[in-house]
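Residue numbers run from 1 in the order of the sequence given. Just the heavy atoms: all of them, side chains too, but no hydrogens, waters or symmetry mates, feed the values below.
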Amino acid sequence: ERIKGIVEKNAETKHENGSIGQKVGDFYNSFLNEAEVNEKGISPVRDLLKEVTSLDTHEKLITHFGKLGVLGVGSPIGLFIGVDEKKSTDYLTTIAQSGTTLPDRDYYLKDDQKYVDARKALVTYINKLFELAQIEATPGEAILNLEKQIAEAQWSRIELRDANKTYNKYALSDLAKLAPKTNWKGFFETSKLSAIKELNVMTPSFFEKLDGIIQATPVEVWQQYLQYRIIDNFAPFMAAEFDRSHFELHQKQLAGIPEQQPRWKRGVTLLGGVLGEAVGKLYVEQYFKPEAKARMNELVQNLLKAFDSSIDELEWMTATTKKRAKEKLSKITTKIGYPDEWRDYSKLEVVAGDLVGNLNRAAEFEHNRQVDRLGKPVDRKEWGMTPQTVNAYYNPTMHEIVFPAAILQSPFFDMDAPEALNYGGIGAVIGHEISHAFDDQGSQYDGDGNLKNWWSDEDRQAFESLTKRLVAQYEQYEPLPGKKIQGQLTLGENIADLSGLSIAFKAYKISLKGKQPEEFAGWNGDQLFFIGWSRVWQRKYRDAEMVKRLATDNHSPSQFRANGPVTNIDAFYDAFEVKEGDKLFKPVAERIRIW
């Protein structure tokens with residue numbers, strides 16, 4: 001609602017052409033004007049669809065994958081530019097598996113009823129889009145079959161979490177050995193990347209298999225597949241019947257959401273992805289308090305002190321590795337609130353009333369921005385989230401913890417609340433992000449952000465023994481009948497929750513400086529700390545959304561994020577006098593302490 005107010009003010013004001021106000025206002029209005037969008041029907045993508053019909057060879061089709069990718073339309077070849085994980089001073093192009101519609105490969109390969117229903121719904125949806133676009137074809141079954149083959153070639157999400165396994169640097173010229181029939185030259189030319197000499201291939205075996213799938217699939221099916229991907233990509237931004245069909249599959253069928261969000265909410269979300277930092281700058285000016293940043297800095301320092309002393313106390317780690325862990329901890333960069341330098345949107349053209357055109361120009365602007373970074377030093381001032389995002393993150397290649405302005409509000413943080421609640425809320429979030437530097441994957445990067453081993457074999461083995469116990473704990477949880485948490489998929493987040501909460505409690509004690517903890521509403525300080533933790537995980541899930549998350553999300557569902565870690569923390573037992581027979585009781589010998 002705050003962002004809505006900011007955006008609507010710009011949308012209602014006359015601005016100079018090319019100004020941020022004009023771009024924010026005209027983009028938002030181009031989405032909000034349903035009558036104008038409805039009137040255009042399929043026309044915004046008609047030329048894109050027609051162009052696909054001229055692609056009469058596999059070589060031309062693969063070349064077109066690159067061109068569509070620049071506009072944000074997906075294909076089986078996913079592409080992005082990020083920091084080189086073994087040389088964190090440089091940027092590196094990466095290709096990865098892609099190309100399917102449903103949330104995870106399991107939806108294509110397993111016969112749970114919800115997966116079977118999703119496949120049927122996908123076929124119906126594809127055929128409906130072709131009918132609405134007035135294309136004489138019903139290719140739903142053929143496209144489902146193609147996506148199923150692509151899914152069979154894909155890696156599991158657990159494999160994709162493995163930082164070493166997904167780092168495979170190739171010379172561009174060597175891609176022909178990996179997938180000899182794939183037109184790499186054409187793909188990289190239309191992706192505006194023909195000048196690159198090397199790249200990372202996240203999923204090599206996927207591209208080996210895709211090589212055969214591409215050739216074995218008739219050109220006509222690939223044409224229909226690309227037409228489908230185009231319509232699916234732009235359906236929420238076209239006439240109401242396209243938008244409704246997209247909602248019926250992606251939201252209602254796959255997430256269990258019964259009705260579409262108000263259009264203003266969708267517009268605000270869309271704008272955040274296109275002009276996020278422009279809106280963020282306006283948000284920060286109006287809603288971010290400098291004293292909140294000062295208080296956060298104090299919290300962060302106490303968390304870092306607590307983590308440092310906790311390393312000293314570890315019984316499972318040897319002195320040499322402890323020293324290296326403390327060195328890594330000392331190099332963490334903290335970002336709070338908003339970037340020091342705001343993103344420059346001067347090259348992005350926004351035209352009043354041209355929604356799909358604006359989206360295409362925005363996608364191309366972002367693609368060009370990414371490509372332009374190659375060969376330049378890594379920009380360590382850049383942010384991966386907008387200031388108005390209620391979230392936080394740790395970036396292993398930057399070795400940084402980042403807390404956008406919008407998370408600094410209740411229930412995570414409140415300037416007027418007892419500090420115990422803040423340490424149990426935002427303090428545990430800070431601890432969580434620090435702990436990601438030392439989870440099963442983050443711990444494989446050094447203090448400069450390079451994927452480089454700094455552990456002794458003995459210590460890594462001791463660490464993995466503890467993490468196996470955490471995997472086993474979470475695999476016992478069953479959010480839906482017959483549907484359990486994947487302990488290996490969620491391991492990194494579970495480590496960060498457990499360690500982050502443990503360290504936050506220790507930091508809370510440091511903050512007291514020997515003073516007696518405050519009481520509030522009949523609760524003592526230790527109790528308030530854990531109540532603060534519980535408050536940030538209040539959430540409801542629909543069953544379809546839960547099914548999707550259990551297959552795709554590397555976070556455990558919120559109930560288990562609240563309750564899972566505390567069963568391992570002695571202070572929780574003391575605070576609430578938890579005893580044998582209580583639901584959250586675990587014998588002392590079974591409690592897991594990692595960091």
Side-chain angles (χ1 to χ4, degrees), residues 1-34 36-37 71-72 234 236-237 260-290 292-293 296 335-370 372-373 379 381-393 395 400 402-410 412-413:
E1 287 176 352
R2 285 177 168 183
I3 301 166
K4 180 190 181 190
I6 291 167
V7 170
E8 285 186 345
K9 186 178 178 184
N10 281 277
E12 293 161 5
T13 306
K14 183 72 176 171
H15 296 277
E16 183 184 344
N17 195 42
S19 66
I20 285 298
Q22 175 263 317
K23 291 175 183 181
V24 168
D26 283 352
F27 191 98
Y28 184 69
N29 283 333
S30 72
F31 179 79
L32 222 59
N33 192 335
E34 284 185 85
E36 192 172 40
V37 170
L71 301 179
F234 292 107
F237 318 112
Q260 183 76 284
Q261 276 192 330
R263 198 164 180 92
W264 73 262
K265 275 193 179 182
R266 295 160 60 205
V268 163
T269 301
L270 182 64
L271 192 60
V274 172
L275 286 154
E277 284 197 16
V279 176
K281 188 168 187 282
L282 299 170
Y283 174 86
V284 164
E285 287 169 1
Q286 197 163 338
Y287 293 110
F288 187 62
K289 296 174 181 174
K293 186 168 185 174
M296 271 292 284
K335 295 177 178 176
I336 299 168
Y338 53 91
D340 294 331
E341 292 178 9
W342 295 99
R343 189 162 298 174
D344 179 7
Y345 293 100
S346 58
K347 291 181 181 176
L348 173 59
E349 184 188 10
V350 175
V351 178
D354 184 17
L355 176 58
V356 170
N358 288 334
L359 287 165
N360 285 336
R361 284 185 290 274
E364 191 163 7
F365 164 80
E366 178 58 21
H367 183 84
N368 291 343
R369 191 180 75 83
Q370 298 285 344
D372 189 51
R373 304 197 303 185
D379 179 6
K381 292 179 180 176
E382 186 176 35
W383 279 49
M385 282 180 183
T386 64
Q388 65 272 33
T389 301
V390 182
N391 210 333
Y393 68 92
N395 181 340
E400 62 184 8
V402 185
F403 307 98
I407 200 172
L408 302 185
Q409 58 183 318
S410 186
F412 294 94
F413 177 76

Quick one: CZ on R263 to CG on N33, what's the gap to the nearest 0.5 Å?
8.5 Å

From CD (Q260) to CZ (R266), nearest 0.5 Å
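It is 3.5 Å, given to the nearest 0.5 Å.
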
[X] vs [Y] side-chain heavy atoms within contact, under 4.5 Å:
X: V274; Y: N358; value: no
X: K23; Y: H15; value: no
X: Y338; Y: E277; value: no
X: Q370; Y: H367; value: no
X: T386; Y: V279; value: no

Pairing residues for F237 by the ring pair (Phe, Tyr, Trp, His ring centres under 6.0 Å) criterion, not counting sequence neighbours
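Per chain and number, F237 pairs via ring pair (Phe, Tyr, Trp, His ring centres under 6.0 Å) with no residue.
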
Would you confirm whether D372, through its side chain, and N368, through its main-chain N or O, come within 3.5 Å as a donor-acceptor pair?
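Not a single qualifying donor-acceptor pair exists.
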
Do D354 side-chain atoms and V350 backbone N/O form a donor-acceptor pair below 3.5 Å?
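The answer is no, because no donor-acceptor pair under 3.5 Å joins these two groups.
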
May I ask you to decide if the ring planes of Y287 and Y283 are parallel, tilted or perpendicular, using 30° and 60° as cut-offs?
tilted

Is it true that R369 and E366 have a side-chain N and a carboxylate O under 4.0 angstrom from each other?
yes

E285: which residues meet the salt bridge (charged side-chain N to carboxylate O under 4.0 Å, His left out) condition with it, sequence neighbours left out?
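If we apply the salt bridge (charged side-chain N to carboxylate O under 4.0 Å, His left out) test to E285, skipping adjacent residues, the hits are K281.
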
